Amino acid sequence: MDLEALKATAQAMVAPGKGILAIDESHGTCTKRFAALGLECDAENRRAYRGLLVAAPGAEAAISGMILFDETLRQSNDEGVSFPKLLEDRGIIPGIKVDTGAKDLALHPGEKVTEGLDGLRERLAEYYELGARFAKWRAVITIGDELPSQACLMANAHALARYAALCQEAGLVPMVEPEILLEGPHSIEACYGTSAETWEILFKELAAQGVALEGLILKTSMVLPGSTCDDQADLLTIAEMTVNCLKANVPAEVAGVVFLSGGQTAEDSTIRLNEMNKIGGMPWPLSFSYGRGIQAPALQVWARDHQAIGEAQNVLVHRAKMNGLAAKGEYDISLEV
Ligand code: 13P
């Protein structure tokens, strides 16, 4: 394992004022997002849309890396330049989603385990050749009556740790993502407890597999009340509870912590990240790895008019810049246009 190279990549991913853009939706998820706006989700439409994201001028000021899907890593622009090459040329690190999706966990109704370990060593070697320098694996955890089970937390943590070890062996920084789903009526306290337990089990498994935390990025959900919880917490409570939970459960050696947006509005994702960085005092950089939180406004522009590429790119870069400021605690709502 080349730990120095992994550390350098991981640190660049969370450089001051920078974060990650996730554009790695599976075909199923992309179909849902496109269909909601009346768009066909075929390979050419995906190439056209993701091509504008990859090429957005100025995105590199706030975007350190982009997470691509297998298909996207192999696609090129109209001039035949591959998407990973376009990113590299602007100093944006190409990443790749490598899990093959969350499947029903046997004997545990309502819970999922993420698959994709079979053949992963060979896939990672190919992804490295294609230019990827970090990878993502997403596990999903549901809060409910008696949920999550220990079985779910342990199965997902074990898979994440084995994936992370394979990534480091192959020279890719693992972005380990246990997402606690926002949907449901659970309280913010329940989310705090589940987040703490999830991270505790995850870091035990990572240690057991010998994963070097200095060459790893944690991607996580914020500590939030469920989307249908009657008691929606205020901004400061969310920021303090998330920061406290992370500090208590995430080892200081981790290279960086980044959030997913997970169904929050684009502005909420920015404001909450900013509030946490205003609190400060954390041993790792705290930044973003948003999908919808950065893409959603740009997708709306492009859905309305496929010719409005410049406008869609401007909207994307604006959100990226707002989040870059939030990663430094320097965002202000007055900066929104
Ligand atoms: P969202 O920010 O849209 O939740 O997506 C981030 C991501 O990569 C989830 O795996």
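Quick caveat: nothing in here was measured; it's all calculated off a predicted structure. For ligands, and for the atoms within them, numbers begin at 1 and follow the listed sequence.
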*Those residues that, when tested against Lys247, pass salt bridge (Lys or Arg N to Asp or Glu O under 4.0 Å) (two or more places apart)*: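 Salt bridge (Lys or Arg N to Asp or Glu O under 4.0 Å) check on Lys247 returns nothing, list empty.
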*Would you please name every residue forming a salt bridge (Lys or Arg N to Asp or Glu O under 4.0 Å) with Glu214, sequence neighbours left out?*
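Glu214 satisfies salt bridge (Lys or Arg N to Asp or Glu O under 4.0 Å) with no other residue.
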*Mind checking whether Tyr49 and Trp302 have parallel, tilted or perpendicular rings, split at 30° and 60°?*
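If you compare the ring of Tyr49 with that of Trp302, the planes turn out tilted.
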*With sequence neighbours left out, which residue pairs that include part of residues 138-157 fulfil the salt bridge (Lys or Arg N to Asp or Glu O under 4.0 Å) condition?*
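Applying salt bridge (Lys or Arg N to Asp or Glu O under 4.0 Å) to every pair that reaches into residues 138-157, excluding sequence neighbours, yields Arg138-Glu179.
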*At a 4.0 angstrom heavy-atom cut-off, what protein residues surround ligand 1?*
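Residues within 4.0 Å of ligand 1: Ala22, Asp24, Lys136, Arg138, Glu177, Lys219, Leu260, Ser261, Gly262, Ser289, Tyr290, Gly291, Arg292.
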_Restricting to non-hydrogen atoms, name the atom on Leu273 and the atom on Asn323 that form the minimum distance, rounded to 0.1 Å._
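Between these two residues, the closest heavy atoms are CD2-O, 4.0 Å.
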*Once you round to the nearest 0.5 Å, how far does CG of Leu87 lie from CG of Leu73?*
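Going from the CG atom of Leu87 to the CG atom of Leu73 covers 9.0 Å.
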